[in-house]
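Working notes, structure below.
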Amino acid sequence: MFNHIANQIAGSAVGSTLLAQLELHERIGARRDNWDSICDPIAVEAAVNYIKLSDYSNLVRHINRAVDDASPWNSTNTIDDPFEYSFVEQRLPIAEALIQKFYYDLASKFELNTQQIWKSRCDNLDHIQGPISEKHNYGQGEFAWSCIRSITTPDSLEILDWMLGARGHTVDHICYKPVVSKELIVYEIHSFDDWYRLIENHSNPASGPTEPLAPEWESIFKKYHAVHLSWMGILLAHDNLKQAENNNVIPLRYWEHEQTHWSSDCIDEYKEISTYAAIKDSYKP
């Protein structure tokens, strides 16, 4: 199973970018502007050892950078086409090492007691209480900022800042815990196949015969209370344009990190549990 997933990582935008970055990290004298011009076997071996000695939070930081660098809408993107990478076969040992060590962390499922919903003090929670509708998402299936989304409690302030898109400027933000009385039915996205199956079973009927299929979120949220994208889903599905084209569906884009999107009518209450300033102080440097 691990070898199969390692190959999927090498064939995805974020995954292949991550492998190149980890190899570059260990390559002496390497520059970011020529990071895919060569592949150093010694650097690959060093990257494997780096992964073996690394902790999970450090891996997520690398995934953070890979998402930024692989994103085609990012103006600082240094990659024209991640799928044209050479050397992915040579870098497979890095993928195998990180899967062997971190698979169960990366593919962890949704847990209600670890969810955080962040909103500015200026936001009125009342306007997001209604069920989701098509007006709450855009052409490629990504959600508007007014939708309800939660993150799993991160273990570093740096990762929290990135997930909030805040870069440390969220002192006026409040952290809420979703209070739910019913038993939740959550759809998990840990791979591109999970994304494809979701669309296949709940496709947008407005899609034309030659257009890629899009998710029909109203239908999805009639069956599920929430849709969770794990870090493994980020590695395998996010911006996977190649697989999306092959399967005639829109790519999973603009989610950028682990998160859960909710049908708001299943949440009984938003309980304030902290503020950004308090949580910032609780993190150890």
Side-chain angles (χ1 to χ4, degrees), residues 8-9 12-19 21-22 54-77 79 82 98-99 102-112 114-120 137-138 140-170 173 175-176 178 186-192 194-195 198 215 226-241 244 250-262 276 279-280 283:
Q8 288 185 340
I9 288 177
S12 71
V14 177
S16 57
T17 304
L18 175 65
L19 300 184
Q21 288 178 346
L22 289 169
S54 189
D55 61 25
Y56 180 59
S57 181
N58 194 45
L59 175 62
V60 171
R61 292 187 185 95
H62 282 287
I63 296 173
N64 165 1
R65 179 180 293 179
V67 170
D68 285 344
D69 281 342
S71 298
W73 68 88
N74 187 342
S75 61
T76 62
N77 181 12
I79 303 167
L98 71 88
I99 287 299
F102 295 114
Y103 172 79
Y104 295 104
D105 294 309
L106 291 167
S108 60
K109 294 184 177 181
F110 169 93
E111 291 185 14
L112 179 60
T114 64
Q115 296 306 297
Q116 297 180 346
I117 295 175
W118 285 88
K119 289 293 176 183
S120 166
N137 59 85
Y138 303 119
Q140 291 198 313
E142 66 273 19
F143 290 86
W145 285 108
S146 60
C147 291
I148 302 172
R149 70 192 78 203
S150 65
I151 61 175
T152 299
T153 306
D155 61 359
S156 85
L157 183 64
E158 176 187 346
I159 296 169
L160 175 63
D161 282 354
W162 172 56
M163 294 171 82
L164 297 182
R167 305 299 189 265
H169 302 293
T170 54
H173 275 56
C175 181
Y176 296 90
V186 179
Y187 187 86
E188 297 279 355
I189 301 176
H190 302 302
S191 67
F192 179 84
D194 293 333
W195 173 246
L198 184 67
V227 176
H228 172 237
L229 176 68
S230 69
W231 288 113
M232 183 65 77
I234 288 289
L235 283 178
L236 299 184
H238 202 267
D239 279 315
N240 199 327
L241 309 183
I250 66 167
L252 192 159
R253 311 180 83 176
Y254 308 107
W255 292 38
E256 299 186 5
H257 54 72
E258 182 274 344
Q259 60 185 281
T260 300
H261 287 273
W262 294 73
Y276 178 83
I279 287 182
K280 179 180 179 182
Y283 280 110

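Residue indices begin at 1 and follow the sequence shown.
- The side chain to side chain contact (heavy atoms under 4.5 Å, CB included) search around Ser108 returns none, not counting sequence neighbours.
- The minimum heavy-atom distance between Val14 and Ala66, with the atom names listed, is O-CB, 3.7 Å.
- Considering CD of Glu256 and CG of Asn64, their distance stands at 9.5 Å, rounded to 0.5 Å.
- Separating the SG atom in Cys175 from the CD atom in Gln115 is a distance of 10.5 Å, to the nearest 0.5 Å.
- Residues Gln259 and His261 approach most closely at OE1-NE2, 3.0 Å, considering heavy atoms.
- The aromatic rings of Tyr276 and Trp118 sit perpendicular to each other, their planes meeting at more than 60°, with 30° as the lower class boundary.
- Smallest separation of non-hydrogen atoms from Ile117 and Ser150: CG1-CB, 3.7 Å.
- Every side chain to side chain contact (heavy atoms under 4.5 Å, CB included) that Ala226 has, sequence neighbours left out, goes to Val186, Thr260, Trp262.
- Residues Leu252 and Asp239 have side chains not in contact (no heavy-atom distance under 4.5 Å, counting atoms from C-beta outward).
- Going from atom CD1 of Ile148 over to atom NZ of Lys119 covers 7.5 Å, rounded to the nearest 0.5 Å.
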Worksheet item: Where do Leu236 and Ile9 land on the side-chain contact (heavy atoms from CB on, under 4.5 Å) test, with the steps shown first?
Response: CA-CA 6 Å; Leu236 299 184; Ile9 288 177; 3.5 Å; yes
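- Separating the OG1 atom in Thr153 from the CD atom in Glu111 is a distance of 10.0 Å, to the nearest 0.5 Å.
- Leu98 contributes atom CG, which lies 10.5 Å from atom NE2 of His62 (distance to the nearest 0.5 angstrom).
- When all heavy atoms are compared, the tightest approach of Ile250 to Ala244 is C-CB, 4.1 Å.
- Asp105 places none of its side-chain heavy atoms less than 4.5 Å from the side chain of Trp231.
- In this structure, Tyr187 and Leu229 have side chains that are not in contact, with every pair of non-hydrogen atoms separated by 4.5 Å or more.
- Every residue two or more places apart in sequence or in another chain was checked for a side-chain hydrogen bond (donor to acceptor under 3.5 Å, both in side chains) with Asp55, and none qualifies.
- Remark: His257 engages Trp162 in a ring pair (Phe, Tyr, Trp, His ring centres under 6.0 Å) (not counting sequence neighbours).
- Taking all atoms of both residues into account, the shortest heavy-atom contact from Leu112 to Phe110 is N-CE2, 3.7 Å.
- Residues meeting the salt bridge (charged side-chain N to carboxylate O under 4.0 Å, His left out) test with Glu158, sequence neighbours left out: Arg61.
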query = Yes or no on side-chain contact (heavy atoms from CB on, under 4.5 Å) for Ser57 and Ile159, after CA distance, side-chain angles and deciding distance?
reply = CA-CA 8 Å; Ser57 181; Ile159 296 169; 3.5 Å; yes
I would like to know whether Tyr56 and Leu106 meet side-chain contact (heavy atoms from CB on, under 4.5 Å); could you show each step before the answer?
CA-CA 9 Å; Tyr56 180 59; Leu106 291 167; 3.9 Å; yes
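- At distances below 3.5 Å, not a single donor-acceptor pair connects side-chain atoms of Gln116 with backbone N or O atoms of Tyr176.
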Before you tell me yes or no, could you show the steps for Leu160 and Asp155 under side-chain contact (heavy atoms from CB on, under 4.5 Å), namely the whole-Å CA-CA distance, both residues' side-chain angles and the distance that decides it to 0.1 Å? CA-CA 8 Å; Leu160 175 63; Asp155 61 359; over 6 Å; no
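- Asp194 places a side-chain N or O within donor-acceptor distance of the main-chain N or O of Ser191, the cut-off being under 3.5 Å.
- To the nearest 0.5 Å, the span separating CG on Leu19 from OG1 on Thr17 amounts to 8.5 Å.
- The two atoms that bring Leu59 and Phe102 nearest to each other are CD2-CD1, 3.4 Å, heavy atoms only.
- The side chain to side chain contact (heavy atoms under 4.5 Å, CB included) test applied to Ser230 returns His190, His228, Met232, not counting sequence neighbours.
- A donor-acceptor pair under 3.5 Å links the side-chain atoms of Glu258 to the main chain of Thr152, judged by distance alone.
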